Number of protein chains: 2
Amino acid sequence: MNPTKAKLMLAVTDLLKEDGIAGLSARAIAARAEVNQALVFYHFGTVMDLVDQACRAATDEAAASYRDELAEVTSLSELLELGRGLHERERAAGNITVMAQLLAGAQRDKTLAETARYALGRWNDEVEAAVARALEGSPVESVVDAPGLSRAISSAFIGLLMYDGVDRPGAESAFASLEQLGALVEVIEDLGPAARLVLRARLKGRG
Amino acid sequence: MNPTKAKLMLAVTDLLKEDGIAGLSARAIAARAEVNQALVFYHFGTVMDLVDQACRAATDEAAASYRDELAEVTSLSELLELGRGLHERERAAGNITVMAQLLAGAQRDKTLAETARYALGRWNDEVEAAVARALEGSPVESVVDAPGLSRAISSAFIGLLMYDGVDRPGAESAFASLEQLGALVEVIEDLGPAARLVLRARLKGRG
DNA sequence: GTCTATAAGATGATAGAC
DNA sequence: GTCTATCATCTTATAGAC
């Protein structure tokens, strides 16, 4: 990989984390990378193509870095614990912030929408596998499916980190509540077989 | 209210819903409002002041329109049911999309961050009251608090609607999973007093 | 209050020297 | 591959006619 290309791609995600998609421009990116502005177009053709490649690469890297950790998850309790740590780290790392800004920009730009879909999918590949394992043998297995739950977790993280950007205490209390509801599910998970049957019967009677 | 001011303010939220914060400009807003570009500055001084006023007004109106509905909520089941309808309607109305774009833009602009904080707070005033009522007497009352849960619900909605923008089926399945987990909480809510005590005891043993 | 015209600067993108 | 210089076009914002 050409060092200038690498510098430009890194500058994109840095700026996305700090300033968001709104103020992103070829000149801002080049300045951040300490590189001549014309090189953006020499190496990537258009600004959007640079953003696309930078975000895909960053997503691949981020997903891979969480891969081993997610691979060890075998229960909802472990998933919940991992979520707590991930939330803290993501505040500093900003991978989810990049995704949130991608989603915000996707409304306008179709190229960006495609990039966002890729990032969402890539991220989900890792999360869904862990969720599926955590759900296995759990009494809530018959209630929720792994594809849906993993996407719910992802979107909740995205919403939470955006909320965090303007109201940190509020986001903190929101996350605490979600954790407590998660603990509730854990309690159910630890229920005896008799209680499980009662629960399953009651849930059957609903939507 | 001056009709030109009103047209400009409406144009802002329309554009925010359709194109997002990224492409927003005085000229685009004026064109959408079918009004001369210079009138943006005559009436509002700066573009950001126009965006600020437009979003605050739109938030007040949206929150008020949901107020009566939220006022009738007295249980988690009702809250869950309202959430399903709200999700459908918000996809068309776009009030939450406006908030998401506000949050995305807040990363860069401090004025926008203040606007986003206002919108989040205004929205929360309505939701938290309903959540507090729904939680009253519920067995989960000792587990989650209304301020935290209402903010969790808000941020989940924001994340879900952003997800929806690029992957509708994915967002749909995510929402379905959250609903099913909500149904689980409902089942717990309907538990007898003996089961409640067991649950409370088990939860005490945790964080 | 609304218009035209314009200033002063930022933007994406390209041509051509090195 | 990198630079300077430049393009047409876009941006916010203002001055002044009506």
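All values below come from the heavy atoms of this structure, side chains included, with hydrogens, waters and symmetry mates left out. Small disclaimer: the values here were computed from a predicted structure and weren't measured. Residue numbers start from 1 in every chain, and the chains themselves are labelled A, B, ... in the order their sequence lines are given, proteins ahead of strands.
Salt-bridge check for A:Asp167 with B:Arg117: failed, with every basic side-chain N at 4.0 Å or more from each acidic carboxylate O. Electrostatic pairing of B:Glu78 and B:Arg133 does not count as a salt bridge here, judged by no charged N lying under 4.0 Å from a carboxylate O. A:Arg56 and A:Asp60 are not joined by a salt bridge, as no carboxylate oxygen comes within less than 4.0 angstrom of a charged side-chain nitrogen.
Atom CH2 of B:Trp123 sits about 7.5 Å away from atom CG of B:Leu70, to the nearest 0.5 Å.
A:Leu103 places a side-chain heavy atom less than 4.5 Å from the side chain of A:Leu120. In this structure, B:Asp109 and B:Thr115 have side chains that are not in contact, with every pair of non-hydrogen atoms separated by 4.5 Å or more. The shortest distance between side-chain heavy atoms of A:Phe157 and A:Glu90 does not fall below 4.5 Å.
Here A:Asp14 pairs with A:Arg32 under the salt bridge (Lys or Arg N to Asp or Glu O under 4.0 Å) rule; sequence neighbours left out. Under the salt bridge (Lys or Arg N to Asp or Glu O under 4.0 Å) criterion, B:Arg84 pairs with B:Glu88, B:Glu172, B:Glu179, not counting sequence neighbours.
Against DNA chain C, the stretch residues 2-18 of chain B makes heavy-atom approaches under 4.0 Å through B:Asn2, B:Thr4. Contacts with DNA chain C (heavy atom under 4.0 Å) in residues 44-57 of chain A: A:Thr46, A:Val47, listed by number. The stretch residues 19-36 of chain A touches DNA chain D through A:Arg27, A:Asn36, each having a heavy atom within less than 4.0 Å of the strand.
Here the range on DNA chain C touched by chain A, meaning any atom under 4.0 Å from one of its heavy atoms, is C:dT11 to C:dT14.
Dense packing is recorded around CZ of A:Arg89, with more than 12 heavy atoms of other residues, nucleotides or ligands lying under 6.0 Å away.
Between the CG atom of B:Leu39 and the P atom of D:dA13 there is a distance of 15 Å, rounded to whole Å.
Taking each heavy atom of B:Gly182 and B:Leu80 in turn, the nearest pair found is C-CD2, 3.7 Å. Closest heavy-atom contact between A:Leu149 and A:Val144: CD2-CG2, 4.2 Å.
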